[in-house]
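These notes are about the structure you will find just below.
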Amino acid sequence: MKNRKILSILLAAALMISALALMAPSFCLTAAANAETEADHYPVTINTYDYEKNPIQVTFQQCPQKVICTNQSQTELMLYFGLDEYIAGMAYLDGAVRNDLKEQYDALAAAGKELTVKGYPSKEVVLSLEPDFIFGWRSAFSDNALGNVAEWHDLGVATMILRCSNNTVPAEERNLNAVLADIADIGAIFNIEDKTDAYIADTNALLEKVAQKVASIDQPLSVIVIEPSEGSWYCWGASTLTGSLAVAAGGVYACPDGGTLSVEDLVNLNPDVIIVDYMEKEGVSTEECARNAIETVTSVGALAEIPAVANGKVMAVNLTDVYGGGIRMVPSVEAMFNFMYGE
């Protein structure tokens with residue numbers, strides 16, 4: 001009996017050792033394959049800019065491990081594509097984080113990764129985190145913030161500026177193509193091109209769908225995107241990213257050159273649709289901010305007869321949804337289209 005027990009134990013041990021031996025080569029092959037994929041992918045070189053808007057190239061020898069996101073747009077883009085683990089610090093919220101990304105953001109904030117809520121962190125704070133990549137708006141690299149990109153490159157820290165942030169690229173390039181180019185760069189930098197390519201393909205399919213629907217409309221609506229400013233409004237030109245989103249949504253832009261508009265100017269433009277952007281204010285709900293933005297137009301008696309006001313076609317959008325780039329731009333096109341054409 002005793003011998004049988006010993007034999008059973010020996011057989012079980014032998015089977016376990018055999019199983020482990022069979023498993024080991026599989027694990028090693030997987031690890032080797034991953035290493036080979038990484039080696040094949042890098043180095044990656046992207047085209048980006050410095051604070052003076054000069055085009056530059058930045059090369060990544062490997063996937064960044066400690067990323068500073070200087071603005072909400074960059075943080076949300078990273079979170080959207082599941083790159084949370086690489087974020088070493090995040091800063092400068094313009095408003096509430098997107099609902100679908102809030103849980104991820106809160107987890108990073110709880111881990112001490114929220115450097116600032118408003119404004120940029122100091123250069124000293126960023127240096128203390130020993131980043132290998134700073135992903136920012138152009139304004140983040142001013143002398144009053146983190147300093148020029150060349151200084152960071154000398155320290156071995158890569159940089160990337162969103163093309164449409166702070167009017168970095170020339171006016172004719174500030175559009176959805178620039179936004180998608182940013183996303184393609186992130187795909188290359190982090191070796192997640194399967195995800196970013198799918199996003200770009202979905203975006204192009206959506207834009208084609210919108211274009212087909214607009215083509216079937218006899219008279220597309222005229223539209224402008226404006227921002228309230230002490231009794232007047234700043235109108236985004238058609239060549240700005242903000243204005244181009246309304247055009248992509250099927251609108252005929254009523255004020256292509258943009259500029260400051262008075263009440264009389266709005267009456268003369270006579271737009272079918274007015275989209276008013278707003279910035280969130282501390283202590284004021286998003287809903288109230290949106291309502292206040294709309295009322296800057298609808299409460300003006302002299303504007304009561306223009307089509308946009310008379311037909312209830314005044315829409316409020318968060319500035320973060322239509323400015324600077326990132327993953328909020330594409331949903332905004334769809335939202336504008338639905339508002340204009342009722343789908």
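Quick caveat: nothing in here was measured; it's all calculated off a predicted structure.
Side chain of Ser299 to backbone of Glu295: a donor-acceptor contact under 3.5 angstrom is found. Of the possible donor and acceptor atoms, none in the side chain of Gln61 sits under 3.5 Å from a partner among the backbone N and O of Pro43. For the pair Asp143 (side chain) and Gly147 (backbone), a donor-acceptor distance under 3.5 Å is absent. Formation of a donor-acceptor pair under 3.5 Å by the Asp265 side chain with backbone atoms of Ser262 is found in this model. A distance-only check finds a donor-acceptor pair linking the side chain of Asp272 to the backbone of Ser222 [under 3.5 Å]. Under the 3.5 Å distance criterion, the side-chain polar atoms of His41 are left unmatched by any main-chain donor or acceptor of Ile189. Checked by atom type and distance alone, the side chain of Lys118 never pairs as donor or acceptor with a backbone atom of Ala91 at under 3.5 Å. A donor-acceptor contact shorter than 3.5 Å links the side chain of Gln72 to the backbone of Gly95.
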Stepwise side chain to side chain donor-acceptor pair (under 3.5 Å) check, Asn47 with Gln57: CA-CA 5 Å; Asn47 296 310; Gln57 289 190 324; 3.1 Å; yes

What do the steps show when you test Thr59 against Thr45 for side chain to side chain donor-acceptor pair (under 3.5 Å), and what is the final call? CA-CA 4 Å; Thr59 298; Thr45 298; 2.8 Å; yes

Before you tell me yes or no, could you show the steps for Leu115 and Leu129 under side chain to side chain contact (heavy atoms under 4.5 Å, CB included), namely the whole-Å CA-CA distance, both residues' side-chain angles and the distance that decides it to 0.1 Å? CA-CA 10 Å; Leu115 306 181; Leu129 295 172; 3.8 Å; yes

For Tyr86 and Phe190, run ring-ring contact (aromatic ring centres under 6.0 Å, His included): C-alpha distance rounded to whole Å, both residues' side-chain angles, the deciding distance at 0.1 Å, then the answer. CA-CA 10 Å; Tyr86 301 116; Phe190 289 94; 5.4 Å; yes

Gln62 and Asp132: side chain to side chain donor-acceptor pair (under 3.5 Å), yes or no, with the steps? CA-CA 10 Å; Gln62 60 185 18; Asp132 53 8; 5.2 Å; no

Residue pair Trp236, Tyr323: steps toward the ring-ring contact (aromatic ring centres under 6.0 Å, His included) verdict: CA-CA 10 Å; Trp236 298 93; Tyr323 178 78; 5.6 Å; yes

ring-ring contact (aromatic ring centres under 6.0 Å, His included) between Tyr120 and Tyr92, worked out: CA-CA 6 Å; Tyr120 292 121; Tyr92 215 144; 4.9 Å; yes

Test Phe135 against Thr70 for side chain to side chain contact (heavy atoms under 4.5 Å, CB included), laying out the working first. CA-CA 6 Å; Phe135 185 23; Thr70 69; over 6 Å; no

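Rounded to the nearest 0.5 angstrom, Ser122 OG and Leu146 CG are separated by 8.5 Å. Once rounded to the nearest 0.5 Å, the distance linking CG of Asp50 with CD1 of Ile56 reads 5.5 Å. Annotation: the span from Lys313 atom NZ to Phe339 atom CZ amounts to 5.5 Å, rounded to 0.5 Å.
Clustering ILVMFWY residues whenever any of their side-chain heavy atoms sit less than 4.5 angstrom apart, transitively, puts Val179 in a cluster other than the one holding Val169. Connection of Tyr278 to Val276 is not established within any shared hydrophobic cluster, with ILVMFWY side chains joined at heavy-atom distances below 4.5 Å, either directly or through further cluster members. Tracing side-chain contacts under 4.5 Å through hydrophobic residues (I, L, V, M, F, W, Y), one reaches Ile306 starting from Ile226; they form part of the same cluster. Tyr49 is not connected to Phe133 by any chain of hydrophobic side-chain contacts under 4.5 Å among Ile, Leu, Val, Met, Phe, Trp and Tyr, and they are in different clusters. Residues Leu241 and Tyr199 share a hydrophobic cluster, clusters being chains of Ile/Leu/Val/Met/Phe/Trp/Tyr side chains in contact below 4.5 Å.
The shortest heavy-atom contact between Val225 and Ala246 is CG2-CB, 3.9 Å. Residues Ile327 and Leu101 approach most closely at CD1-CD1, 4.3 Å, considering heavy atoms. Between Val263 and Ala302 the shortest heavy-atom distance is CG1-CB, 3.8 Å. For Thr320 against Arg328, the heavy-atom pair with the smallest separation is O-CD, 3.5 Å. In plain terms, the two heavy atoms of Leu245 and Asp321 that are nearest each other are CD1-O, 4.3 Å. Val58 and Thr159 get closest at one heavy-atom pair: CG2-O, 3.6 Å.
The number of heavy atoms from other shown groups lying within 6.0 Å of CG (Asp100) is above 12. For Gln219, the CD atom sits in a loose shell: 12 or fewer heavy atoms of surrounding residues, nucleotides or ligands are nearer than 6.0 Å. In Asn99, the CG atom is not crowded: 12 or fewer heavy atoms of neighbouring residues, nucleotides or ligands sit closer than 6.0 Å. Within 6.0 Å of CD in Gln65 there are more than 12 heavy atoms belonging to other residues, nucleotides or ligands. Heavy atoms of other residues, nucleotides or ligands lying less than 6.0 angstrom from NZ of Lys53 number more than 12. Around CD of Glu305, the count of heavy atoms belonging to other residues, nucleotides or ligands within 6.0 Å does not exceed 12.
The shortest distance between side-chain heavy atoms of Met340 and Met315 does not fall below 4.5 Å. Counting only heavy atoms from C-beta outward, the side chains of Leu79 and Leu108 approach each other to under 4.5 Å. Val330 places a side-chain heavy atom less than 4.5 Å from the side chain of Leu206. Looking only at side-chain heavy atoms (C-beta outward), Pro271 and Val223 stay at 4.5 Å or farther from each other.
Taking a cutoff of 4.0 Å between a charged side-chain nitrogen and a carboxylate oxygen, Glu151 and Lys123 qualify as a salt bridge. The residues Arg163 and Glu173 are annotated as not salt-bridged, no charged nitrogen and carboxylate oxygen being separated by less than 4.0 angstrom.
Phe337 and Tyr341 have tilted rings, their planes meeting at an angle from 30° to 60° on a 0 to 90° scale.
Donor-acceptor pairing under 3.5 Å is lacking for the side chains of Ser73 and Asn71.
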